[in-house]
Structure formats: structure tokens, C-alpha cells
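The next block holds one structure in the form of C-alpha cells; read it before the comments.
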Protein chains: 2
Amino acid sequence: MDAPAPPTGYRPDAFPPFAVTVDLIVLTIQDDRLRAVVVERGVDPYAGAWALPGGFVRIDEDLPEAASRELAEETGLTAADVHLEQVASYGRPGRDPRMRVVTIAYLALAAHLPELRPGTDASAARFADVDELLGRPGALAFDHGRLLADGVERARAKLEYSPLATAFCPPEFTVAELRRVYEVVWGVSLDPRNFHRKVTGTPGFLVPTGRSTARQGGRPAALFRVGDTQVLHPPITRRDG
Amino acid sequence: MDAPAPPTGYRPDAFPPFAVTVDLIVLTIQDDRLRAVVVERGVDPYAGAWALPGGFVRIDEDLPEAASRELAEETGLTAADVHLEQVASYGRPGRDPRMRVVTIAYLALAAHLPELRPGTDASAARFADVDELLGRPGALAFDHGRLLADGVERARAKLEYSPLATAFCPPEFTVAELRRVYEVVWGVSLDPRNFHRKVTGTPGFLVPTGRSTARQGGRPAALFRVGDTQVLHPPITRRDG
DNA sequence: ATCATAGTCGTCACACTGACGAGAACAGGG
DNA sequence: CCCTGTTCTCGTCAGTGTGACGACTATGAT
């Protein structure tokens, strides 16, 4: 694609040209493990290595639009299905050997992801265990290890004071399902009784639907929807037993 | 400036060229008011209007470097004197009528700022009252009103759980000076006795220097330095009397 | 019926909080 | 020198949130 038609006052030599991309940290929970979408790169640099999904921002789209589009291309999820928020930007010279590129990282949280289909510049896509990726420096191409770490830390912090954990759950969920989200993302184990008291006692967090689940073995659990509150008072604190 | 020499695999038509800038939200406290540095634009668009200081990222520098450089150019402050952190990025098409530009906003907090000297593309610089700027939509050029609002909200939130408030204070300060920071930034009034108990009781927040200030009228106050802790436990909560 | 499993409610001690009293250490004026 | 005003600092007390843990409830499996 060529440069856009120069509008009034446009001086193409007045600023250094950058490539701008959005990269996605797409998190979900599978088998009680926190997983992230990674794609296998089909072209150099890092051909054959795993990287976060992402791509160039088009000349006529906003940053959140670009993130939504890339998310749909890589996972088939629409913006209505997931929580999507900007995390941070990265622009160290040399982070991409091909060109000068600034990347805006977006965090996407989803309850259940459909089958992954590889994008145009990726030959494969899969879910990778987040702890394993973070424990192995260089597991991801470019500086994507840092992007992933920053995104995961953002998610971990926001569980405390926002209803973000419900983004990992289906529209209706039980307190135990919500607790598993906190336990998996934080990597801790929480007391079911205290957790139940806290989440049901925080005003506006959970709305009972009246229904309950019948599951194999054990008492049926009440089903909840997420409420209106965007900030939890009191918060769900991280240091629990 | 021209595009860099094409390295291997470089395809100049593969991505749309963007301008990348860093803009600064430089906050300080003057006369018990929260103030931000604004510059008067000397060129179109928005010539004569006030805007946040900032400028193009150079082809060979990292984003924090660019923020530090712009900060030094506009205020004379070096990175050692201030707290500097990235806030968010903005890239809506049309936000700058001249070209497609992505801006990374940085938050800078300083105790006492020297005289401001206008940068190359600004004809004047001054401190503006933050509440007044935020209360008047369109007070700032481009989308800088939103940048300022996001930066101020970041600062307000981080006062709760980080020692960020000390960035507004000189190296040695009293509990009352620190309390004034919280009161001014949050726009509330805090009980001096409870505040004293909380900040001195949070481990690692304040380190007594042993010295004290003699000031006009009233008992001398003990002087403190900031401690090592980066996260306050328990936090300094916002809803106080 | 009995057991295993999982969900929900209750109790207790402890920590933190907001509201407020009271003393300590200064400056300035009579 | 004493009094007063000001600011800093320490204490007290009731209300609330929290972690640890006991107890009860409601299902499926045997």
C-alpha cells in the first residue's frame, strides 16, 4: 500500500516513517490452566518460531478497530464476545529487524474460544500454557515475551478491583467457576467459603439469576450474571488462604 | 528525514507509514493546586491554542528516551528528577489533520519545576490549572483533553497503592506535605491524625531521617525519605474523612 | 441407607478504618 | 514569663472487613 494522498501541509520529510502494529494477548482458561494464543510465523524473521498474533494497523482504522479485526482474523471472535483493552506500547529500535515499528499491545479475555484458524502471515495457531511461556525466556519471537508478561500482570491486577474475571466465564456461571478463574490466573488456592462470602457480598458484582446447575456429584450451585459495577468495593484481595 | 536504509526483507509498500509522537502530561503542585505544563502552538493546526508538550519520536531512539528528551527540552528536567511512566496510546484517524499519527502519552510528576522554556515548535509554555482544563472541553488542541484526563486519572489511582505521591515532594518531606499532595490530587480533605497513622504504619513507605523542620508557628515536623516499597500494604484508601 | 462430593451459612479472633480526644513542641504577644 | 494559637503526634473506641475453620445442605453413586 502506498502512502495516503498528501493533505494540506503534509510534509513527507518532516517525520520518520514508522510501521504501527497491534499485537494481541488472547487469554483463556483450558483444563484449569491459563492459556494464550500463539501463532507460528511463516516468514522471516523468526520463521518457524511462535509469536503473539497481530498485524499492521491500516491507514484508515483506529487502534481498537485494528485490534478487533486482528482478533477476528485469528480467532473468529467478535468484539462483543471478549473483553478487549489496551495494555502498553513498545518501540525499541531494532525490536523488529526489518523496519522501525511501534506495537500497541491489546489484552483480550475470552471464556471459550472456537477453533483457531491461522491468519495470512501465520502457518499455524495454538493455545500455549502461559506459565510455560513465561518460564522460558525466548519462547516467543521479538519482545513478545515481555508483551505477554505485561498483559498477564495487567489481568492479574485487575481481577482484584474489577469484574474482569467474569470475562473468562460464560454469561451465566457459578461461584465455584468464578473462583477457579481467580485460582488459575493468580496461581493460588482460595478458601471456597470465604470466597463465596466476598463475591456475593460485594455490591453490584454478582446478580443471582434464580436458576441453578445440576452437576455430577455435589449440591447444585446457584447461577449468577455479572452486575453493573465496574469497580469492586471491597476488592477481592490477592493474599487469601 | 528520509526512510532508513532498507535492510534485508524491507518492503516499503508493505505497511502504511505513520508518524509517531510522544506527548507529555507533566504534573506538579503549585499553590495547593494541581497544575500541568501546556504549550502554545506556533503553527497550524491549532495555531495559538494550548496543547500538551511533545514531539516526534526519532528514528533511532526508544519511546522512553523520546519522552525524556522532550521533557528536558520543554522543562529542563532530567529523567533523574521526575517520575516518568507510559500511560496509553492514541491513534484515531483524523486526530491530527496533517497526517496519520500515533501518540504515546507519558506521565511525568515533579516536585518543583524550574522556569519553562518554550520548545522549537511552541511559542510559549506555562502551568495551567488541571481542574480548569478538564472542566472546559476543547481547552486543549487535538485530543489532548482526553490524554490529560487519562494521565490525571492514572496518577490519582496510583496514589492509593504506590509511593507515587512522593514524586511531588522534595527528597525530604514531612507527613503534612505528603498529605497536602493527596488532598490536592484527589480534591478531598483528609484527617491529619488518621493520615499520619496510616502512612507511618505502612511498612517500607516512609523512612524517618531523624531530622525535623522548624517552621513558623506549630510543632516541628519529622522529616522522612521514601522507602523501598513499590506497593503499599495496606494502601492509602481514597474514601477518607 | 450410606457415602462422597460440592455448595452455602455461621462463628470467632484479628486487623484496619474513621471519628475524635488529648498531649507535645514550637512562635508570638502581652 | 505566661498565655494563646498553631501544628504535629499519640491514643481510644466502635464499626467493618478478613482469614481460619466448623457445620449444615443438597445432590449423585453404590
Side-chain angles (χ1 to χ4, degrees), chain A residues 32 159-161 165 169-170 172-184 186 188-225 229 231-241, chain B residues 32 159-161 169 172-184 186 188-225 229 231-241:
Chain A
D32 284 347
L159 288 201
E160 294 201 24
Y161 57 90
C169 296
E172 293 195 357
F173 51 87
T174 67
V175 172
E177 288 169 349
L178 187 65
R179 177 167 50 84
R180 290 304 294 157
V181 171
Y182 278 89
E183 290 180 327
V184 168
W186 283 348
V188 299
S189 109
L190 301 173
D191 185 282
R193 298 158 292 188
N194 290 337
F195 183 84
H196 187 276
R197 180 185 58 196
K198 279 163 82 164
V199 296
T200 56
T202 297
F205 188 11
L206 299 185
V207 179
T209 65
R211 275 172 294 185
S212 60
T213 27
R215 192 182 321 239
Q216 56 186 11
R219 173 177 171 175
L223 284 169
F224 293 86
R225 288 182 296 101
T229 306
V231 181
L232 304 184
H233 274 293
I236 314 298
T237 49
R238 220 148 156 177
R239 301 154 208 293
D240 199 332
Chain B
D32 284 347
L159 287 202
E160 294 201 25
Y161 58 90
C169 297
E172 292 195 356
F173 52 87
T174 68
V175 172
E177 288 169 350
L178 187 65
R179 177 166 50 84
R180 289 304 294 158
V181 171
Y182 278 90
E183 291 180 327
V184 167
W186 284 348
V188 300
S189 109
L190 302 173
D191 185 282
R193 299 159 290 188
N194 291 337
F195 183 83
H196 187 279
R197 179 185 59 197
K198 278 162 82 163
V199 295
T200 56
T202 297
F205 188 12
L206 298 185
V207 178
T209 65
R211 277 172 294 187
S212 61
T213 27
R215 192 182 322 240
Q216 55 186 8
R219 173 176 172 174
L223 284 170
F224 293 86
R225 289 184 293 103
T229 305
V231 181
L232 304 185
H233 274 292
I236 315 298
T237 48
R238 222 146 156 178
R239 302 156 207 290
D240 200 333

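A note on names: the letters A, B, ... follow the listed sequences, proteins ahead of strands, and every chain is numbered from 1.
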Arg179(A) side-chain proximity, nearest of dT18(D), dG7(C), dG18(C): dG7(C)
At under 4.0 Å, does any side-chain N or O of Thr174(B) touch on OP1 or OP2 of dT9(D)? no
Minimum side-chain heavy-atom gap Phe224(B)-Glu177(B) below 4.5 Å: no
Counting only side-chain nitrogens and oxygens, does His196(B) get under 4.0 Å of the OP1 or OP2 atom of dT9(D)? yes
Roughly, in whole Å, what's the span from CG in Asn194(B) to C1' in dA14(D)? 13 Å
Upstream residue (5' side of DNA chain C) when Pro220(B) and Pro234(B) are each assigned their closest nucleotide: Pro234(B)
Between the two ends of the helix from dA1(C)-dT30(D) to dG30(C)-dC1(D), what is the bend in degrees, rounded to 10 degrees, where each end axis spans five pairs? 10°
Between dT27(D), dC20(C), dG19(D), which one does the side chain of Asp191(B) approach most closely? dC20(C)
Arg197(B) atom CZ is separated from dC13(D) atom P, nearest whole Å, by 14 Å
Close N/O contacts between protein and nucleotides 1-3 of chain D (under 3.5 Å):
none

Between CD1 of Ile236(A) and C1' of dT18(D) the distance, given in whole Å, is 12 Å
Could you say whether Gly218(A) or Pro192(A) is positioned toward the 5' end of DNA chain C, judged by the nucleotide with the nearest heavy atom to each? Gly218(A)
Lys/Arg N to Asp/Glu carboxylate O, Arg180(B) vs Glu183(B), below 4.0 Å: yes
Write down the distance between CG (Leu206(B)) and P (dT9(D)), rounded to a whole number of angstrom. 11 Å
To the nearest Å, give me how far apart NE2 (His233(B)) and P (dC16(C)) are. 11 Å
How long is the line joining CZ of Arg219(B) and C1' of dC8(D), in whole Å? 5 Å
For atom CZ of Arg180(A) and atom P of dG7(C), their distance in whole Å: 11 Å
Nearest-Å distance, CZ (Arg193(A)) to C1' (dA6(C))? 12 Å
Are any of the side-chain heavy atoms of Glu160(B) and Ile236(B) separated by less than 4.5 Å? no
